[in-house]
Amino acid sequence: MDYPILENINSPKDVKELDEKQLDPLCGEIRQKLIETVSENGGHLASNLGTVELTVALHRCFNSPDDKIIWDVSHQAYTHKLLTGRYQSFDTLRTEGGLSGFTRPDESRHDISYEGHAGTSVSRASGIALANRLKGSKAYSIAVLGDGSFGNGLVYEAMNTAGSNGGRLIIVLNDNEMSISENVGAMARYLAVVRAKPEYYRFKARTEKALNRIPLVGVHLSNGLFKLKTFLKNLIYRSSFFEDLGFRYIGPIDGHDISTLCEAMNSAKMVGKPVVIHVNTVKGKGLDYAENSPENFHGVSEFDIDTGKTKSSGENYSSQFGKALTEFADKDSRICAVTAAMAKGTGLEGFFEKFPQRAFDVGIAEEHGVVLSSGLSIGGMVPVFAVYSTFLQRAADQIIHDGALQRKKLILAIDRAGFVGEDGETHQGLFDVPILQSVPNTTVYSPASYKELRKALYNAIYKDDNLVAVRYPRGSMPENGDLLSEGNDFEVIGDEDADASIVTYGRLFYEALKAKEVLNEKGISVKIIKLFKIIPLPKGAADAALHCGFVSFFEEGMKTGGAGEAFAEELLSAGFNGRYVHAGIDREFVSHAPISSLMKKYGLDGESMADTVIKGVNDEG
C-alpha cells in the first residue's frame with residue numbers, strides 16, 4: 001500500500017507543517033501501516049489504533065524532544081515512532097535488531113525513557129517538570145497514561161505531590177474503557193468543549209485581572225466567583241478529585257478529534273499550573289474486530305488481516321495452569337485466584353467464569369495483589385496470585401514482608417518466567433529467581449512439563465507451607481514433554497559415572513536432552529541433573545554431580561543470585577574439586593529477539609550446551 005503523506009514525515013516538524021485537511025488522511029495511513037505491520041510481526045494493536053489522533057495532536061502542539069512526552073508503559077507509542085523519523089524502519093518492529101515495541105532512548109532522541117511497566121509516567125514527568133523549573137526552562141513535561149494505568153498506586157503517589165510542586169506538567173489521561181468522571185447530558189458536553197478552548201482561559205484571565213483591580217471588593221468578588229464556578233463545575237463534572245490535588249481539569253475531550261485535542265492542549269499550556277486533560281478514545285479504532293474485541297487485540301501474535309484470526313493457537317503453560325487451578329478449586333472451596341489485569345494472559349478466564357466469587361482482578365496493582373492474597377490467607381483461604389515474572393518485580397517488598405514473613409500459605413504462579421522474546425528488556429522474566437533466592441520461608445518449583453506444572457501446583461496447595469512459587473515459561477512444551485519428566489524434586493538422567501554433568505531446570509531440560517544426544521554420538525558420557533524444586537535445592541542434587549570432573553549449570557535467568565550460584569556453593573561445601581561452568585545472563589538487560597535466538601546467543605540451546613561440555617571435558621583432559 002502507498003503512504004503518500006506518512007512516508008514524508010521525518011520528524012514532528014513535518015507534522016506541524018501539514019495542512020489541517022491532511023490530518024485525517026494521515027491518520028488513515030497510520031492505521032493501515034499499524035495493521036499491516038502488527039499482522040506480520042505481532043505486537044500491541046488495539047491500544048495503538050486508539051491513540052493515533054492523540055499522538056498526532058501531541059506532536060502538533062508540543063516541541064519534542066524539548067517538550068518531553070513520557071508514554072506510560074509505551075505499548076501505545078507506535079504512532080509516535082512513525083512520526084519521529086522511524087517510518088522507513090517500521091517494518092522491523094519487534095524483530096531482532098529492529099525497532100523495539102516500546103520506547104527506547106537509544107533508538108531515538110524523542111524516546112525520553114525506557115518504559116514497559118505501568119504507572120511510572122506521572123512520577124517521571126513530574127521529576128522532569130521539577131528539573132525544568134529549577135533550571136528556568138519553559139519546556140513542558142507530558143505524561144500520557146491509559147485508564148488501566150490510572151489504577152496503579154504509583155500514579156496516586158505521584159499526583160499527591162505533583163499538583164503542589166507546580167511546573168509545566170500536563171497529564172493526558174487516555175480513557176478508553178472505564179469512566180473516570182460521570183458526565184451527564186448536553187450541557188456537560190458543551191461545557192467540556194468550551195473549557196477546552198484557549199479563548200476560555202484568555203477570557204478567564206482578563207476577568208480575574210479586572211476584578212482584582214476593583215478597590216476593596218475586587219479580590220473578594222474574584223474569590224467568590226471562583227468558588228461558585230468550581231462548585232458548579234464539580235456539580236456537573238464531578239472532577240474535584242484532580243483539582244483537590246492541585247491540578248486543573250480539562251475534559252472529557254473526544255480523543256479522535258484532532259482540532260479539539262489541539263485546543264485542549266494549547267489551553268493546558270496557558271494554565272500555568274499542572275493540568276489533567278481527560279481524553280476519551282476507542283481501543284481498536286478503525287478495525288472492526290479489534291474495536292469489538294479490544295482485549296483480544298491488545299497484545300497479539302501474527303494474524304490474518306481479513307479475518308483477525310491469529311496464526312498461533314493451542315495449549316501452553318498458561319492455559320494448562322488455569323485448567324489445573326480450576327480443577328483443584330472445583331473440589332476445594334478455599335482456593336482463590338488473584339491476578340493484576342491479566343486474567344486472560346495468565347489462563348484464568350475459565351476460573352473467573354466458573355468461580356466469580358473467588359476470582360479477584362486487582363487491576364495493575366501487583367503490590368496490592370500480594371498483600372490482598374496475604375489477607376485472604378490469614379482469613380483461611382488458599383490464594384494463588386497469577387502474575388508475569390516481569391510484573392512480580394514490582395512487589396519485591398510485599399513478597400518479603402507480606403508474603404514470606406507472615407508464615408501463611410501464599411502461592412505465586414509466575415508466568416512468562418525466562419525469555420519472553422519480542423517484548424524485550426522491560427518484559428524478560430529473568431529476575432524472579434534472584435529475588436526469591438534470599439527470601440526465608442520460600443519454596444520455588446520450576447516445572448518442565450504440563451504434568452509437572454500440575455504437580456507443582458498440587459504441592460504448593462497441599463504439601464508446602466508459607467510462600468510457594470511455581471514458575472513456568474511463555475509458550476508450549478514439546479509434544480512428548482510429559483513423557484520425559486517425572487516430577488521428582490530432582491532427577492538424574494544418564495550414567496552415574498559420566499564424564500560430565502549438565503544441571504538445569506524448567507524448559508532447558510529439553511535442550512539438555514538434545515545436548516546429551518549430541519555428546520553421546522561423540523563418545524562423551526554425560527548425565528543430566530534435572531531440578532524440579534530449585535529453592536531450596538533438593539537434598540542430594542549436588543551430591544549427584546560431586547564426582548564429575550566437569551559440571552555445567554544452564555539457567556534461563558540472571559547468573560547473579562540464580563540457582564546456579566546456590567548449586568555451586570553446595571558443591572564446594574561438599575568438597576567438589578572439578579571444573580564448574582555457569583551459563584546464564586551476566587548482568588545485562590536482554591533485548592528483543594525470538595526466544596530461539598536468545599537461547600543460542602546466551603549459550604542455552606542444545607547445541608551450545610554440547611559445545612560447552614566438549615570444551616570443558618577437553619580442557620579437563
Side-chain angles (χ1 to χ4, degrees), residues 316-318 320-321 324 346-347 384-390 392-393 399 411-420 428-439 442-461 463-464 467-478 481-482 484-493 502-513 528-542 544 552-559 561-568 570 582-585 595 599 602 604 609:
N316 54 51
Y317 288 97
S318 302
Q320 286 289 315
F321 157 74
T346 56
V384 180
F385 179 38
V387 59
Y388 290 6
S389 172
T390 183
L392 184 66
Q393 297 164 192
I399 290 168
I411 300 165
L412 303 175
I414 307 176
D415 202 328
R416 269 65 165 180
F419 295 130
V420 298
Q428 309 285 11
L430 305 174
F431 297 97
D432 57 276
V433 173
I435 289 171
L436 295 169
Q437 187 68 254
S438 60
V439 181
T442 299
T443 302
V444 180
Y445 292 98
S446 189
S449 66
Y450 298 158
K451 181 173 67 176
E452 285 190 349
L453 174 54
R454 183 184 182 88
K455 181 172 182 179
L457 192 57
Y458 179 87
N459 288 353
I461 296 171
K463 290 189 175 182
D464 298 299
L467 181 68
V468 188
V470 181
R471 64 187 307 276
Y472 43 93
R474 181 180 190 177
S476 305
M477 72 171 184
D482 274 335
L484 299 173
S485 55
E486 294 298 326
N488 300 316
D489 284 355
F490 79 96
E491 299 171 40
V492 179
I493 298 97
I502 293 176
V503 191
T504 193
Y505 60 89
R507 66 176 163 193
L508 291 191
F509 169 58
Y510 303 111
E511 299 300 323
L513 289 174
I528 299 170
I529 300 173
K530 175 191 168 296
L531 304 176
F532 174 49
K533 180 190 286 186
I534 60 172
I535 301 175
L537 288 172
K539 291 181 179 180
S552 52
F553 195 109
F554 296 91
E555 184 160 20
E556 193 181 341
M558 304 305 291
K559 290 169 62 175
E565 275 195 354
F567 195 88
E570 290 209 4
H582 183 193
I585 314 306
I595 292 173
M599 290 285 197
Y602 291 98
L604 301 176
M609 286 183 182

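Contact detail for Ser389 and Ala417: the closest heavy-atom pair is CB-CA, 4.0 Å. Ala324 approaches Leu457 most closely through the heavy-atom pair CB-CD2, 4.0 Å. Looking at every heavy atom in both residues, Tyr510 comes nearest to Ser449 through OH-CB, 3.5 Å. Annotation for Gly506 and Ala448: closest pair O-CB, 3.4 Å, computed over non-hydrogen atoms. Closest non-hydrogen pair, Ile414 versus Ala469, comes out as CD1-CB, 3.8 Å. For the residue pair Ala541 and Ile529, the shortest heavy atom distance occurs at O-CD1, 3.9 Å.
Residues Tyr317 and Tyr450 bring their aromatic ring centres within 6.0 Å.
Counting only heavy atoms from C-beta outward, the side chains of Gln428 and Ile585 never approach each other to under 4.5 Å. Counting heavy atoms from C-beta outward, Ile399 and Thr442 have side chains that stay 4.5 Å or more apart. In this structure, Leu436 and Arg471 have side chains that are not in contact, with every pair of non-hydrogen atoms separated by 4.5 Å or more. Put simply, the side chain of Phe554 does not reach to within 4.5 Å of the side chain of Met599, judged on heavy atoms. In this structure, Leu392 and Leu412 have side chains that are in contact, with non-hydrogen atoms separated by less than 4.5 Å. A heavy-atom distance below 4.5 Å is found between the side chains of Met558 and Phe431. The closest side-chain heavy-atom distance from Tyr505 to Glu555 is below 4.5 Å. Between Phe509 and Leu531, the closest side-chain pair of non-hydrogen atoms is not below 4.5 Å.
Annotation: side-chain hydrogen bond (donor to acceptor under 3.5 Å, both in side chains) contacts of Asn488 (sequence neighbours excluded): none. Residues meeting the side-chain hydrogen bond (donor to acceptor under 3.5 Å, both in side chains) test with Arg416, sequence neighbours left out: Ser318, Tyr388. Remark: Tyr472 pairs with Phe321 by the ring-ring contact (aromatic ring centres under 6.0 Å, His included) rule, at least two apart or across chains.
Atom OH of residue Tyr602 and atom CG of residue Leu430 lie 8.5 Å apart, to the nearest 0.5 angstrom. Between atom OH of residue Tyr458 and atom CG of residue Asp464 there is a gap of 11.5 Å, rounded to the nearest 0.5 Å. For the atom pair Glu452 CD and Ser446 OG, the distance stands at 9.0 Å (nearest 0.5 Å). To the nearest 0.5 angstrom, Leu467 atom CG is 9.5 Å from Ile411 atom CD1. Distance check: Leu604 CG to Met609 CE gives 6.0 Å after rounding to the nearest 0.5 Å. Atom CE of residue Met477 and atom NZ of residue Lys451 lie 9.0 Å apart, to the nearest 0.5 angstrom.
Between the side chains of Thr346 and Asp415, no donor-acceptor pair is found at a separation under 3.5 Å.
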Working for side-chain contact (heavy atoms from CB on, under 4.5 Å), residues Glu491 and Phe532: CA-CA 8 Å; Glu491 299 171 40; Phe532 174 49; 6.0 Å; no

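Judged purely by atom type and a 3.5 angstrom limit, Gln437 has no side-chain atom pairing as donor or acceptor with the backbone of Ile535. With hydrogens and angles ignored, the 3.5 Å screen pairs a side-chain donor or acceptor of Arg474 with a backbone N or O of Val420. Of the possible polar contacts, none joining the Lys533 side chain to the Pro538 backbone as a donor-acceptor pair under 3.5 Å is found.
Below 30°, between 30° and 60°, or above 60°: for Phe553 and His582 the angle between ring planes is above 60°, a perpendicular geometry.
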